[in-house]
Every structure is written in C-alpha cells, then in structure tokens.
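Report on one structure; see the data block that follows.
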Amino acid sequence: MSFIAQGFLIHSLVMAALLGFVGLTLYRRGLCHWLSFGFWSWAAFSLYFFITPLIQYFGDPFYLQTRLAATEGLLRMVWVTACVAVGLAVFFYGYCRTSPSRVSFGLTQDWPPGTWLVLVLALIGAGYSLIYFRGAFGLEPIPLEIRGGKYVGQIMGYQAVMHYFANFPIILLLLRRSTRWLGLILMVIILLARFEDAWDRFSAVSLLLAATMLVTLIRRHPWPPAFLMVAVVVFTLLMHARGHIPLSEFIASGKMVETSHQEVKRGEGANMLATLYLQTYLHDRAGYNYGIPLVSNLLFGALPRKYFPNKDWLVERFAPRMNFDDIPGNEMMYGAKGSIIGDFYGFGNIIAVIVGMFLLGLLSRKLDGFWEPGRPEPLQAVGICWLSSWWMMLGSSVTWMVSTFYLNAIPFGFLVLFNRLAIKPEEPAIPAKPVSAPKSPRTTRIRHAPRRDV
C-alpha cells in the first residue's frame, strides 16, 4: 500500500467518525435543519474534507498526488488530518456550548423608516455594478486592474462588487406577502444577469440558496420542498462546471455534459484538502503572519483603496515577509483555496487553528438567533444573506469571509442608521408641583414633598 493510500485511509476513518458524531449531536440538539449555521458548517466541512477527497481519490487523484509530491508525503497527510480534526472538534464544541444572540440593533419594526429608500439605493448600486463591471446580459464590462487580489487604478473595489447589495433587498421584499411578487421579479433578473459573469459564480448560487432558506422560514418547516433542493444542486453543479467562462460560451461549446462529469470527477472547485497539504507546508517553511492581515482588514478593509492607497500599512510594516518563491511547489497555490482552517494555520500553526475555529463556532451559533420567532424582518433578511454565503466563506480565507460579511450587510447597516435617526428621544417627565393641604383654623399648614417617579 502506497503512502498516499495509507494516509488517505487514516484521513477517511478519522473524518467519518468525527463528522458522524457531530451530525448525530446536531440532530439530537435540534440543530440539524436548513436554517442552522451548524448544519451548513457540517455540510461544508463534509464536502471539503470527506466527500470531495473521496471522489478525487477514486476518480482522478491528480491534485492529491501533485500537492503531496511537494511536501513530506505521509507525515504531512497525518499532520493535516490532525489539524483538521482538532479544528472541527473545537468549532462544533464552541457552537454547541453557546446560545443564540438576541441583539436587534435597535430595530422594533418589520418595515422601519427609510426602508424603501435603502432598498432603491441598494438595487441601483447593484445594477450599476452588474452593467458596467460584471458584463450583465452580454454587455461589454469595463476592464479592471487587479494585483494580488486587490483592485488598483482608478476603480474602487466597491464599484465592482456592489452586485452583492442586491441580495438583502430581494430577501426583504420576499419576506412580505405584499411585496413578494416584486422580490421574485428582481431575483429572476439578478440571476439572469449573473450568468455571464466569468468570475463570480458564488453570489448567484447563494441568492438561489437564500430563496430556499426564505421558503423554509415562511413555511416554519425544518427543510424546504425537495424540488427546490434539487434545483439548487443542479444549478450549483452547472455553475461549477462552467468554470470561469460566460455561460453562453459554455453551452455553445457543446461539452456541457462531458465537462460537468470531468469537473465532478476531478473535484477541482472544492480542492480544499489537497491545497491544505501544500499551504501548511509552505507556512511551516516560510513562517506565519500572526493574524495581522485579519486585523488590518477589520480596521481598514471598508476604506476604498482609491482614496486610501496606503490602507495596508499595518501588514506592510508589521507582518513578517514570507517568501514562498524559493520553496518547490509554491506555484500550485495560485487560485487554490485551503479553506478557513488553512488560513487560520497561516496565522500561527495549530494554536491559531484552535483559537480561531473555537471563536468562529461561537459566532456561528450567535447568528442562529437572527430568525427566532418575533425577530424584525430586516434582521432575518441579513441573517439569511450571511447563512446563504456561509458554505463558501468556510471554503475561503478569513479576510474574504470578513469582506463578504460587511458587503452583504451594508444595506442593512444604512437601514439601522436611518431607523436610529428617525427615533425621537423621549422627553423627560416634568416633576409635579408641591401640593399643599387646605387651610384650617384648627390645623397648621402642611407642605408635602414633591412626588418622584420611581
């Protein structure tokens, strides 16, 4: 038996036991349903670290073999399996040991003041981005200059990604019976506009997924109808097989069925485990960044680079300069993702994985409280925006996760702001005047102290 077969056998047994135990625990606690961050975390980790590697190993182990060839082989496989197992264990421990959040951001109404203004502005911004920068409906997009995953030149990054703003107003419109027809029309338009975007497939899948979550919430049922789940799976596989080319070109190529079969067999789009082998090896050789990029993104990520070109000063000044160029195999990291665990590993080995995954588990459980009974509809809408994107957040980097969180929440943030500006402060109560007793020739005059409200 080769070292790859030995390592993969160990990995499969450990993942099957751990994910099986977690799934059973979520089911017993009533957390295994369509509107649970715990369920979607379990499903994403099962796909990335068990199902896809299984398909690759018995289908086309090209990615597993090439990434392992650049590392220490069996030792690296066992070490990564241990890191993944520990990370998943502390994540779900943190998730199951906390309670949902009851924060409302000051919202007490389902349709607070300024709602229509926020929805219109968000949709205008999304349409502007789709037309000028994303190539909607076959239009020629404005070329963008991207270096190191960052927008440079005269274009702000927000201009190219404002199509994210459409999800919140669509979901909020679909939540209300009186505006549901408008939400359906807008959702169809946005999905049609997303087909030609060669680089962003995830937002279209997340929007369709959000619709199934909305149906689940309205029906007050743990799962959406079966036909909706099948539609999501088919649509996801189609977008996955399409790759980074417009859908019209993909269909015109005549290789849609053949390409879809090969993509599923190779598992290229969910190549988390194979990338994780190489990513952890490179960081062990070149060093760790100690989470400084995350801190920088939290503090300055919302600033447009066009007007704040030096917003990465924290990383440039304090983060260690890691040179992957001299390490064999570094070129295979281009375009690949090592999941959220791989990004935490880059912060500081397995210690950072333990701390980061535990805190992420706490956060995901807190977000489950956004659609408890009686919660305001805008809170439910932004919660669904985040949940529908959660599967991809876990498969990417921490900084990308943070960016996705606040991009989806920008319209919601303005709604909260307008609501606070519209709330008038309560006027202080005027103290009652002293009351004196009636004059009597036989009694002395008595004055009562002012009454105080308790």
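Counting from 1, the numbers follow the sequence of the chain as shown. Computed from a predicted structure; not experimentally measured.
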Practice task
Check whether any side-chain heavy atom of Pro411 sits under 4.5 Å from a side-chain heavy atom of Leu119, and report yes or no.
Solution key: no
Practice task
Could you tell me whether the side chain of Trp371 and the main chain of Leu35 form a donor-acceptor pair under 3.5 Å?
Solution key: yes
Problem - Distance (rounded to the nearest 0.5 Å) between Tyr281 OH and Arg76 CZ - result: 8.0 Å
Problem - Interatomic spacing from CZ in Phe105 to CZ in Phe370 - rounded to 0.5 Å - result: 4.5 Å
Practice task
Taking the side chain as every heavy atom from C-beta outward, state whether Thr236 and Val232 have any atom pair closer than 4.5 Å.
Solution key: yes
Problem - Residue pair Tyr277, Leu64: steps toward the side chain to side chain contact (heavy atoms under 4.5 Å, CB included) verdict - result: CA-CA 8 Å; Tyr277 292 144; Leu64 291 172; 3.9 Å; yes
Handout entry: Any donor-acceptor pair under 3.5 Å from Lys337 side chain to Met272 backbone
Key = no
Handout entry: Atom of Pro53, atom of Phe8 and distance for their closest heavy-atom approach
Key = O-CZ, 3.3 Å
Problem - Separation between CG of Leu278 and CG of Asn271, rounded to the nearest 0.5 Å - result: 10.5 Å
Exercise for the section: Enter the distance from Leu387:CG to Leu209:CG here, rounded to the nearest 0.5 Å. Expected result: 7.5 Å
Identify each donor-acceptor pair in which a side-chain atom of residues 77-90 lies under 3.5 Å from a protein atom, sequence neighbours left out, and give them as a table.
residue: Trp79; atom: NE1; partner: Tyr345; partner atom: OH; Å: 2.9
residue: Thr81; atom: OG1; partner: His11; partner atom: ND1; Å: 3.0
residue: Thr81; atom: OG1; partner: Met77; partner atom: O; Å: 2.9

Practice task
Identify the two heavy atoms, one from Leu26 and one from Cys96, that lie closest to each other, and give their separation to 0.1 Å.
Solution key: CD2-SG, 4.2 Å
Problem - Side-chain heavy atoms of Met213 within contact of Leu217, under 4.5 Å - result: no
Exercise for the section: Begin from the C-alpha positions of Trp390 and Ser364 and carry the test side chain to side chain contact (heavy atoms under 4.5 Å, CB included) through to its verdict. Expected result: CA-CA 9 Å; Trp390 189 245; Ser364 59; 3.8 Å; yes
Practice task
Tell me, with the steps shown, if Leu276 and Tyr48 meet side chain to side chain contact (heavy atoms under 4.5 Å, CB included).
Solution key: CA-CA 11 Å; Leu276 197 54; Tyr48 299 148; over 6 Å; no
Exercise for the section: Walk me through it: do Tyr95 and Thr25 pass the test side-chain hydrogen bond (donor to acceptor under 3.5 Å, both in side chains)? Expected result: CA-CA 11 Å; Tyr95 178 83; Thr25 301; over 6 Å; no
Practice task
State, yes or no, whether a side-chain contact exists between Ser389 and Phe405 at a heavy-atom distance under 4.5 Å.
Solution key: no
Exercise for the section: Side-chain contact test, heavy atoms from C-beta onward, threshold under 4.5 Å: evaluate it for Leu299 versus Lys311 and give yes or no. Expected result: no
Practice task
List the steps, then state whether side chain to side chain contact (heavy atoms under 4.5 Å, CB included) holds for Ser396 with Phe202.
Solution key: CA-CA 12 Å; Ser396 189; Phe202 129 83; over 6 Å; no
Practice task
For Phe300, look at atom CZ and say whether over 12 heavy atoms of other residues, nucleotides or ligands are found less than 6.0 Å away.
Solution key: yes
Exercise for the section: Taking the six-membered ring for Trp and the full ring for Phe, Tyr or His, determine whether the centres of Trp386 and Phe412 are under 6.0 Å apart. Expected result: no
Handout entry: Side-chain heavy atoms of Arg194 within contact of Ile190, under 4.5 Å
Key = yes
Practice task
Taking Ser388 for its side chain and Ile384 for its backbone only, find out whether a donor-acceptor pair lies under 3.5 Å.
Solution key: yes
Practice task
Work out which heavy atom in Leu394 is nearest to a heavy atom in Ser41; give both atom names and the distance.
Solution key: CD1-CA, 3.7 Å
Practice task
Would you mind reporting whether Trp391 and Leu47 have side-chain heavy atoms less than 4.5 Å apart?
Solution key: no
Handout entry: Within 6.0 Å of OH in Tyr288, more than 12 heavy atoms from elsewhere
Key = yes
Practice task
Using atom types as modelled and distance alone, determine if a side-chain donor or acceptor of Asn297 lies under 3.5 Å from a backbone N or O of Pro293.
Solution key: no
Exercise for the section: Spell out, as yes or no, whether a donor-acceptor pair under 3.5 Å connects the side chain of Trp42 to the backbone of Leu19. Expected result: yes
Practice task
Rounded to the nearest 0.5 Å, what's the gap from OG1 on Thr179 to CG on Leu186? Could you check?
Solution key: 10.0 Å
Handout entry: Nearest heavy atoms of Trp34 and Thr212, plus distance in Å
Key = NE1-OG1, 3.0 Å
Exercise for the section: Would you please indicate if the ring centroids of Phe45 and Phe50 are separated by under 6.0 Å? Expected result: no
Exercise for the section: Ignoring hydrogens and angles, tell me if any N or O in the side chain of Arg375 forms a donor-acceptor pair with the backbone of Gly369 under 3.5 Å. Expected result: yes
Practice task
To the nearest 0.5 Å, tell me how far Glu377 CD sits from Leu173 CG.
Solution key: 10.5 Å
Exercise for the section: Tell me, yes or no, whether the heavy-atom count around Arg219 atom CZ, taken from other residues, nucleotides or ligands under 6.0 Å, exceeds 12. Expected result: yes
Practice task
Flag the pair Leu273 / Arg67 as yes when at least one side-chain heavy-atom distance between them is below 4.5 Å, and no otherwise.
Solution key: no
Problem - Crowding at CZ, Arg97 (>12 non-hydrogen neighbours, <6.0 Å) - result: no
Practice task
Output yes when a side-chain donor or acceptor of Asp368 lies under 3.5 Å from a complementary backbone atom of Phe37, and no otherwise.
Solution key: yes
Completion exercise
Of all heavy-atom pairs linking Met162 and Gly125, the shortest is CB-O, 3.4 Å
Handout entry: Between Trp223 and Phe39, ring centroids under 6.0 Å
Key = yes
Handout entry: Thr404 side chain to Trp400 backbone, donor-acceptor under 3.5 Å
Key = yes
Completion exercise
What one should report as the nearest heavy-atom pair of Cys385 and Ile171 is SG-CD1, 3.6 Å
